[in-house]
K.L.:
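Quick one: this structure, given as C-alpha cells, is what I'll be asking you about.
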Amino acid sequence: MDSLTTTASSTKSEAPSAPSRETLTITDNRTGKAYEVPITNGTIRAVDLRQIKTGPEDFGMMSYDPAYTNTASCISRITYIDGDKGVLRYRGYPIEELAEKSNYLETAYLLLQGELPTDAQLKDWAWHISHHTFIHESIKKFLDGFHYDAHPMGMMISTIAALSTFYHDAKDILNEESRRKQTYRLIGKMPTIAAFAYRHTLGMPFVYPDNELSYPGNFLNMLFRTTETRYRPNPTLERALDILFILHADHEQNCSANVIRGVGSSHVDPYSATAAAIAALYGPLHGGANEEVLRMLLEIGSVQRVPDFIKRVKAGEVKLMGFGHRIYKNYDPRARIIKRVAYEVFELMGKNPLLEIALECERIALEDEYFVKRKLYPNVDFYTGLIYQSMGFPMTMFPVLFAIPRISGWIAQWQEMLLDPEQKIARPRQVYLGHGTRDYVPMEKRA
Ligand code: ACO
C-alpha cells in the first residue's frame with residue numbers, strides 16, 4: 001500500500017479538471033494540515049488516520065464506529081450482499097439458484113472450498129460428514145445433566161464447547177488436515193447434538209444417526225423417529241428443511257460471524273469459537289428472532305388485533321420482530337424464498353393459523369409510512385417460525401434450526417480469518433471518557 005503523504009495546508013479544493021486519483025484528501029482544521037490517504041476497494045485504512053495529529057504528544061486520529069455500522073473488518077471472498085437491491089450470493093452464486101438447484105451439503109462445500117464440487121468431490125465430502133455424525137457416549141451423559149426445560153440453544157452452546165475437551169487435535173488450528181477433520185466433525189455432529197437436546201427435553205430415548213439418509217433426512221430421523229424400524233422422512237419436509245439450511249448457511253459479517261472471527265483470532269480451538277458464535281446467534285436481535293416472531297404472533301392472536309399492535313410498534317413500545325435488517329434496506333431475498341416454501345409445507349401439513357396474522361402485519365407494514373421511511377422489510381426470520389411450527393418443532397428449537405446450517409458459514413469465515421496474513425488478534429480501540437487518576441478512598445470516607 002502507498003504510504004500516507006502529508007501536504008502543506010491547502011484551503012482550495014481540487015480543480016474539477018484535475019486527473020482523478022484513488023486517494024482521499026483530508027484537511028485537519030485544527031492544524032490546517034491536509035493529508036492524502038490512499039483509497040483501495042472504496043475504503044481507506046483506519047490506521048492511516050493515525051498520522052493526523054495536533055502535535056507529537058497526540059496519539060493520532062481514530063474513527064469511532066459503535067456497532068461497526070461503517071467499518072469493514074476484513075477482506076472476504078465468501079458471501080456478497082447488496083442490501084439496497086436485496087441481493088445475496090455465496091461465492092458468486094445467487095441464493096435463488098442455490099435454493100432451487102443445490103442441496104445443503106453441496107452449498108456447505110461451496111462456502112468452505114470456494115467452488116462447487118465435482119460428483120466425486122461431493123460424494124467424498126458427504127461420506128466424511130456422515131461418518132462424523134456420532135457423538136461420544138459421554139456427551140450423552142453431559143446432555144442428561146440438563147434440566148428437562150433447558151433451552152436447546154443453551155444446551156448447544158455448552159455441548160459444542162465441550163467437544164473441545166474430547167478432540168485435543170482441534171487446537172492445531174494452523175494445520176490444514178486438523179481443520180478439515182474438525183469441519184467434518186462440526187457439520188456432522190451439530191444435527192446430532194441438536195436432536196439429542198430436543199429428545200432430552202421430551203424425555204425420549206436418543207435416536208442414533210442413519211447414514212443412509214440425506215443430511216436433513218437424518219436430522220428428521222433423529223428428531224422424530226419413534227417405533228419405526230426404518231424412518232422415512234417425508235420428501236416435501238426433507239426438501240423444505242434442505243432449502244432452509246441453504247438459506248441460513250452464511251450471511252457475511254453478521255453478529256455471530258464477527259464473533260467467530262473475533263474469538264477465533266485468539267487462536268482458540270474451533271469448538272470454543274463456535275460455541276461463542278452460537279451464543280451470539282441465540283440473541284433475539286439475531287437468530288433468536290424466529291422464536292420471538294412466533295411469540296409475537298401468538299400475542300397478537302387475531303388479524304383484527306394487528307392494527308393495534310402496529311400502533312404500539314410505531315409508538316416505540318414493541319418491535320415488529322422479523323422486520324428490519326442492518327444491511328437489507330429492501331426485501332430480504334431469503335424471506336421471499338421462505339414464503340414460497342411455507343406454502344409448500346402448509347399444503348402438506350395444513351395452513352398455520354398464524355399465517356393470516358403474519359400476512360396482515362406484512363401488508364400493513366409495507367404500506368405504512370413508519371416502515372417505508374425506515375426501509376423495514378420482512379427478514380429471514382419472519383416466516384421461518386411458521387414453517388418450523390407446522391413441521392412440528394417447538395419454538396425453542398427455532399434458533400437451533402438456524403445454528404445447524406450456519407456452521408458451514410462460521411467455519412468458512414473462521415478459516416478465511418486464520419489464513420489472512422493481514423489478520424491479527426481482534427482488538428478494537430476505545431474512546432476513554434472516564435475519570436482521570438484519583439486517589440483510593442478508604443471505606444469510612446465514602447459517601
Ligand atoms: N420494528 C420497529 N421498528 C424498527 C424495527 C422493528 N423490527 N427495526 C428497526 N426499527 C426502527 C428503529 O427503531 C429505528 O427507528 P428510529 O430511526 O426512529 O430510531 C430504525 O428503524 C432503524 O433501526 P436500527 O435499530 O438503527 O437498525 P439496526 O440496523 O441497528 O438494527 C435489527 C437491525 C437489529 C435487525 C433491527 O431491525 C431489529 O431489531 N429487528 C427486529 C429483530 C429481528 O428481526 N432480528 C433478526 C434480524 S435477521 C438476523 O439476524 C438473522
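Numbering of ligands and ligand atoms starts at 1, following listing order.
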K.L.:
Return the residue, atom name and 0.1 Å-rounded distance of the protein heavy atom closest to atom 48 (S) of ligand 1.
P.N.:
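Heavy-atom neighbour on the protein nearest atom 48 (S) of ligand 1: His325 CD2, 3.6 Å.
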
K.L.:
Which residue supplies the protein heavy atom nearest to atom 4 (C) of ligand 1, what is that atom called, and how far is it?
P.N.:
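The protein heavy atom lying closest is Leu376 CD1, 3.5 Å.
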
K.L.:
Which residue and atom name correspond to the protein heavy atom nearest atom 18 (O) of ligand 1, and how close is it?
P.N.:
Arg374 NH2, 2.9 Å

K.L.:
Using ring centroids (six-membered ring only for Trp), state whether Tyr328 and His251 fall under 6.0 Å.
P.N.:
yes

K.L.:
Give me the residue, atom name and distance of the protein heavy atom closest to atom 35 (C) of ligand 1.
P.N.:
Gly324 O, 3.7 Å

K.L.:
Can you pull out the closest protein heavy atom to atom 3 (N) of ligand 1? Residue, atom name and distance to 0.1 Å, please.
P.N.:
Tyr370 OH, 3.0 Å

K.L.:
To which protein heavy atom is atom 45 (N) of ligand 1 closest, and what is the distance rounded to 0.1 Å?
P.N.:
Leu285 O, 3.1 Å

K.L.:
Give the residue, atom name and distance (to 0.1 Å) of the protein heavy atom nearest atom 47 (C) of ligand 1.
P.N.:
Asn379 ND2, 3.5 Å

K.L.:
Could you tell me whether some N/O pair between Val313 and ligand 1 is separated by less than 3.5 angstrom?
P.N.:
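No; the residue has no nitrogen or oxygen that sits under 3.5 Å from a nitrogen or oxygen of the ligand.
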
K.L.:
Quick check on atom 26 (O) of ligand 1 - does any protein heavy atom sit closer than 4.0 Å to it?
P.N.:
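It does not: no protein heavy atom is found less than 4.0 Å away from atom 26 (O) of ligand 1.
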
K.L.:
Between Tyr343 and Tyr383 (judged by ring centroids, cut-off 6.0 Å), do the two rings come close enough to count as a pair?
P.N.:
no

K.L.:
Ion pair present between Glu416 and Arg261, side-chain N to carboxylate O less than 4.0 angstrom?
P.N.:
yes

K.L.:
So that I can tick it off, tell me whether Arg295 and Glu299 are bridged by a salt bridge, with the cut-off set at under 4.0 angstrom between side-chain N and carboxylate O.
P.N.:
no

K.L.:
Using only heavy-atom distances, determine whether the side chains of Glu252 and Ser76 contain a donor-acceptor pair under 3.5 Å.
P.N.:
no

K.L.:
What about Arg334: any of its N or O atoms under 3.5 Å from an N or O on ligand 1?
P.N.:
no

K.L.:
Looking only at N/O atoms, are Met321 and ligand 1 under 3.5 Å apart anywhere?
P.N.:
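No, since none of the N or O atoms of Met321 sits under 3.5 Å from an N or O of ligand 1.
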
K.L.:
Quick one about Thr274 and Trp410 (side-chain donor to acceptor, distance below 3.5 Å, no hydrogens or angles considered), yes or no?
P.N.:
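Distance-only check fails for Trp410 and Thr274.
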
K.L.:
How far is atom 29 (O) of ligand 1 from its nearest protein heavy atom, and which residue and atom is that?
P.N.:
Arg326 NE, 2.8 Å

K.L.:
Answer side chain, backbone, both or neither: which part of His251 comes under 4.0 Å from ligand 1, heavy atoms only.
P.N.:
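Answer for His251: neither.
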
